[in-house]
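These notes concern the structure reproduced below.
Each residue takes its place number in the sequence, starting with 1. Any value given below was found using the heavy atoms of this structure, including those in side chains, with hydrogens, waters and symmetry copies removed.
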Amino acid sequence: MTVAIIDTETTGLNPMENRLVSIGVGILDSSGAMGKVILTNDSEETLLEEFWELIKNESVDKIVGFNIDLDWQFLKLRSLYHRIKVNHFKKYDGRVDLRLILNSNKYQKGTKLTDYCRFFGLDIEDDDFKGDAVPTLWKKYVEDGDREALEEIAKHLDKDIDRTLELYKILVECGLIEG
């Protein structure tokens, strides 16, 4: 079984008004090691096409994420918006949302990815920005051509993929989910 850890960065929380900026994908091999791809593209349509091609080429069976339903809603609706064919869409209905496993009330305060990482003693850098900085950074990139802003988004996403993987490993190790 091929597992993909997925996270996205967007310009807001509504996929009908906002767009995807970057998609992070960590592909786990049978030993639990992860290969990572951070996709960014000025064209959201191309970004999504690259994502779905990667998922297909890696034969991903299971999608895992932290608050994955939000990411999934963006991936689904933004793909539909661009009329991108999504192969095997139904098989990802069984996606694994680590946030819901850790706390069935996903709207409760103190249930962010970094909160759980701190709780489990995972390394969290103090200089890491929150996801709500992404729209401002994206605007700096688009309007000013600031490549460093885009690199900051990708760096943040890269860290979140690593953090999600570590939480996933803990939940597998403790028997809350199957690996």
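- Atom CG of residue Leu167 and atom OH of residue Tyr116 lie 9.5 Å apart, to the nearest 0.5 angstrom.
- For residues 165-175, the set of pairs meeting the side chain to side chain donor-acceptor pair (under 3.5 Å) definition, not counting sequence neighbours, is empty.
- The nearest pair of heavy atoms linking Asn41 to Trp138 is O-CH2, 4.0 Å.
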**Asked** For Asp69 and Arg95, what are the C-alpha separation, side-chain angles and deciding distance, and is it a side-chain contact (heavy atoms from CB on, under 4.5 Å)?
**Response** CA-CA 8 Å; Asp69 286 342; Arg95 61 196 170 275; 3.1 Å; yes
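- Shortest non-hydrogen contact noted between Gly24 and Ile38 is CA-CD1, 3.9 Å.
- The side-chain tip of Arg78 does not point at the ring of Phe74 from less than 6.0 angstrom away and within 45° of straight on.
- Sequence neighbours left out, the pairs with a member in residues 18-29 that pass side chain to side chain donor-acceptor pair (under 3.5 Å) are Asp29-Ser31.
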**Item:** Evaluation steps, side-chain contact (heavy atoms from CB on, under 4.5 Å), between Val64 and Ile6
**Value:** CA-CA 6 Å; Val64 175; Ile6 295 176; over 6 Å; no
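- Here the CG-CG distance, from Asn103 to Asp115, works out to 10.5 Å after rounding to the nearest 0.5 Å.
- Note on Asp158 versus Lys155: no salt bridge recorded, every NZ/NE/NH1/NH2 to OD/OE distance being 4.0 Å or above.
- Looking only at side-chain heavy atoms (C-beta outward), Ile68 and Ile63 come within less than 4.5 Å of each other.
- Although no hydrogens or angles enter the test, the distance criterion places no donor-acceptor pair under 3.5 Å between the side chain of Asp7 and the main chain of Ile161.
- Distance check: Leu98 CG to Ile177 CD1 gives 5.5 Å after rounding to the nearest 0.5 Å.
- Minimum heavy-atom separation, Asp160 to Arg163: OD1-NH1, 3.0 Å.
- Cluster annotation: Leu80 is not connected to Phe51 through the hydrophobic network of ILVMFWY side chains, with a link wherever side-chain heavy atoms come within less than 4.5 Å.
- Within the model, atoms CD1 of Ile5 and NZ of Lys62 stand 9.0 Å from one another, a figure rounded to the nearest 0.5 Å.
- Phe120 CZ: more than 12 foreign heavy atoms inside a 6.0 Å radius.
- Looking at heavy atoms from C-beta onward, Thr11 lies out of side-chain contact with Val134 at the 4.5 angstrom threshold.
- Looking at Glu44, its side chain does come within 3.5 Å of a backbone N or O of Leu20 through a donor-acceptor pair.
- Counting all heavy atoms, side chain and backbone alike, Ile27 lies closest to Ala4 at CD1-CB, 3.9 Å.
- In the hydrophobic clustering of ILVMFWY residues, with side-chain heavy atoms under 4.5 Å counting as a link, Leu122 and Phe119 come out together.
- Under the 4.5 Å side-chain contact rule for hydrophobic residues, Ile23 and Leu13 share a cluster.
- In the hydrophobic clustering of this structure, Leu77 does not group with Leu70; members are Ile, Leu, Val, Met, Phe, Trp, Tyr whose side-chain heavy atoms approach within less than 4.5 Å, directly or through other members.
- Taking hydrophobic clusters as Ile, Leu, Val, Met, Phe, Trp and Tyr residues chained together by side-chain heavy-atom distances below 4.5 Å, Leu28 shares a cluster with Ile101.
- Between Ala149 and Lys140, the shortest heavy-atom contact is CB-CB, 4.0 Å.
- For the pair Lys36 and Asp162, the salt-bridge criterion is met [side-chain N within less than 4.0 Å of a carboxylate O].
- Contact record, Pro135 with Gly12: CG-N, 4.4 Å, taken as the closest heavy-atom pair.
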**Asked** salt bridge (Lys or Arg N to Asp or Glu O under 4.0 Å) between Asp144 and Lys139: does it pass, once the steps are laid out?
**Response** CA-CA 8 Å; Asp144 304 333; Lys139 188 175 178 182; over 6 Å; no
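- Atoms CD and CG, from Glu49 and Leu54 in turn, are 13.5 Å apart once rounded to the nearest 0.5 Å.
- Atom CD of Glu50 and atom CD1 of Ile84 lie 10.0 Å apart (nearest 0.5 Å).
- At a threshold of 4.5 Å between non-hydrogen side-chain atoms, the residues Thr10 and Val21 do not count as touching.
- The backbone N or O of Phe66 lies less than 3.5 Å from no partner atom in the side chain of Asp97, so there is not a single donor-acceptor pair.
- By the 4.5 Å heavy-atom criterion applied to side chains, Leu171 and Leu102 are counted as neighbours.
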